[in-house]
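Notes for the one structure printed next.
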Amino acid sequence: MAHEDKREYDDKSGADTETVTVTGSFVPDPQPPLPTSQEDEHVPDGGKEAYTVVLGAALALFASAGMVNTYGAFQDYYEATLLPSSSSASISLIGSLQIFFLYFIGTLTGRVFDAYGTKYLIPLGSVITVFSLMMVSLCQKDQAYQVFLSHGVLFGIGIALLFNPAVAVLGHWFRKRRALAIGLTTGGSASGGVILPIILEKLIPVVGFGWAVRMVAFVLLGCLVISCLTIRTRLPLSGHLSFRTAIDFGGFRDPRYTLASIGAFLLFYGFFIPYFYIQIYANFRGVPSHIGKYLLAIMNATNVPSRILPGYIADKTGPLKVFVPAAAICSILLLGLWLPSRNTASIVAFAALYGLFSGAFVSLLPTYIASISPREKLGARLGSVYMVVAVASLVGTPTGGALLKETDEEHFRNLIIFCGVLSIAGTVMMALAGLVGSDFLRRWRRRQALHDADDLSETAGKV
């Protein structure tokens, strides 16, 4: 029998939806429509309270994702001084574990946030994060298991309790300006990636590694105290916690969500490789140490505007219309600039430009997921896509370390090509996600549906 299948697609965050009625044809199940209460509810989209929450969330990301962006400095120190007997791949595994826990535990923290908000997550994450760094400061030379447990596992769990709630809470305060709010917040992580490596580089020669890490921990403690005081939810919470729904598989019925998840996997598989290995590459190419040790800070400094400006533009045009060009430019930079780079100028240029355009990945991925997800399932939908990102991040940088068995021309070339190909593939997937939800495809589906309906009517008339 003929049936009606209603379709809703949002071209951009906060955009009105268009309903297409399809008779007698099959199209994948749509996202459920927003409840009337959600459509009509008032969202501040600014004001003192809302931007106070943005401040607290930005500081939480400064302390969590900002430290992840700093790991390139730790990797360089671990390989040269603290863990000289360990391989590059095993040391990079410590950093990738942080990213894995940050995103993977998001599948659980998303559900806790939906039930209880940030009441327990932010304070607990703050304590674990600071404590883990204190433990890192006590690690002994060539005791890799100590660094693995403190800096990889414990620190990763701590920052995971901070990251997802700090991003998800913005959905309570912003709708039309949500991309800008997320951009401002994720700019905190980029700022951490600028400031924290410089602190480490300056303090380690003066007070030693242990006290340098403790001082960083005290800086993070101050930031996280402010986060605990300022981050709060606004909308009613379910108060019911069930981890059976921590992963919302319903999102994968939407082809946009599925394609975006595949694209995120491919992009984040290679996303952190330049951040982890740029200083090692600079040392290999003979970049002066007074420049090479600041490459990571340069990369993260240019990351700041790319977290904020794309969000501002995305609020007006739609997330993918900014995300896809930024990802395409990163692909060009990897294969067209980093691969042939041989001197200081080209390496610095790559670090600055890659940081400038890659920041859009972090800020616009949750923005796009939010734009195609119901508000009451946003935490779980973000958690689900972050689980995909977690797996990619866990295997990405160790794979890079395995490709870089020796720091020579051939192995670096293989590493960079691998990273570039992943970026191209991920860009294609994100572009397809945009195509599925585009006006052109919807108009084509409408015409096809009308054509099928006419054919069905003619057939019925003949019978």
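All heavy atoms count here, side chains included; hydrogens, waters and symmetry mates do not. For reference, positions follow the sequence shown, starting with 1.
- Counting only distance, with no hydrogens or angles, the side chain of Tyr78 and the backbone of Ser86 share no donor-acceptor pair below 3.5 Å.
- Checked against the 6.0 Å centroid criterion, the rings of Tyr77 and Tyr71 do not qualify as a close aromatic pair.
- Contact detail for Gly192 and Pro197: the closest heavy-atom pair is O-CD, 3.6 Å.
- At least one donor-acceptor pair closer than 3.5 Å links the side chain of Ser96 to the backbone N or O of Leu93.
- Below 30°, between 30° and 60°, or above 60°: for Phe361 and Phe323 the angle between ring planes is below 30°, a parallel geometry.
- More than 12 heavy atoms of other residues, nucleotides or ligands shown are found within 6.0 angstrom of CZ on Arg214.
- Salt bridge annotation for Glu49-Arg232: present, with a cationic side-chain nitrogen under 4.0 angstrom from a carboxylate oxygen.
- The six-membered or imidazole ring of Tyr281 lies near that of Trp338, with a centre-to-centre distance under 6.0 Å.
- Summarising the local packing, CZ of Phe131 is surrounded by 12 or fewer heavy atoms from other residues, nucleotides or ligands at distances under 6.0 Å.
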How far apart are the C-alpha atoms of Phe271 and Leu422, what are their side-chain angles, what is the distance that settles it, and do they pass the side-chain contact (heavy atoms from CB on, under 4.5 Å) test? CA-CA 9 Å; Phe271 174 77; Leu422 285 172; over 6 Å; no
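- Without hydrogens or angle criteria, Asn300 side chain to Gly193 main chain gives a donor-acceptor distance under 3.5 Å.
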Could you check Tyr277 against Phe272 for ring pair (Phe, Tyr, Trp, His ring centres under 6.0 Å), going step by step and ending with a plain yes or no? CA-CA 9 Å; Tyr277 290 101; Phe272 289 99; over 10 Å; no
Intermediate values then yes/no, side-chain contact (heavy atoms from CB on, under 4.5 Å), Leu200 and Val216: CA-CA 8 Å; Leu200 284 171; Val216 168; 4.0 Å; yes
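- Residue Tyr386 forms a ring pair (Phe, Tyr, Trp, His ring centres under 6.0 Å) with just one option from Phe163, Phe268, Phe104, and that option is Phe163.
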Determine whether Ser331 and Ser423 satisfy the following criterion, side chain to side chain donor-acceptor pair (under 3.5 Å), listing intermediate values before the conclusion. CA-CA 5 Å; Ser331 304; Ser423 183; 2.7 Å; yes
Step by step, would you call Cys228 with Ser126 a side-chain contact (heavy atoms from CB on, under 4.5 Å)? CA-CA 8 Å; Cys228 290; Ser126 300; 3.7 Å; yes
Evaluate the criterion side-chain contact (heavy atoms from CB on, under 4.5 Å) for residue pair Ile226 and Leu229; output intermediate values, then yes/no. CA-CA 5 Å; Ile226 297 174; Leu229 295 174; 5.8 Å; no
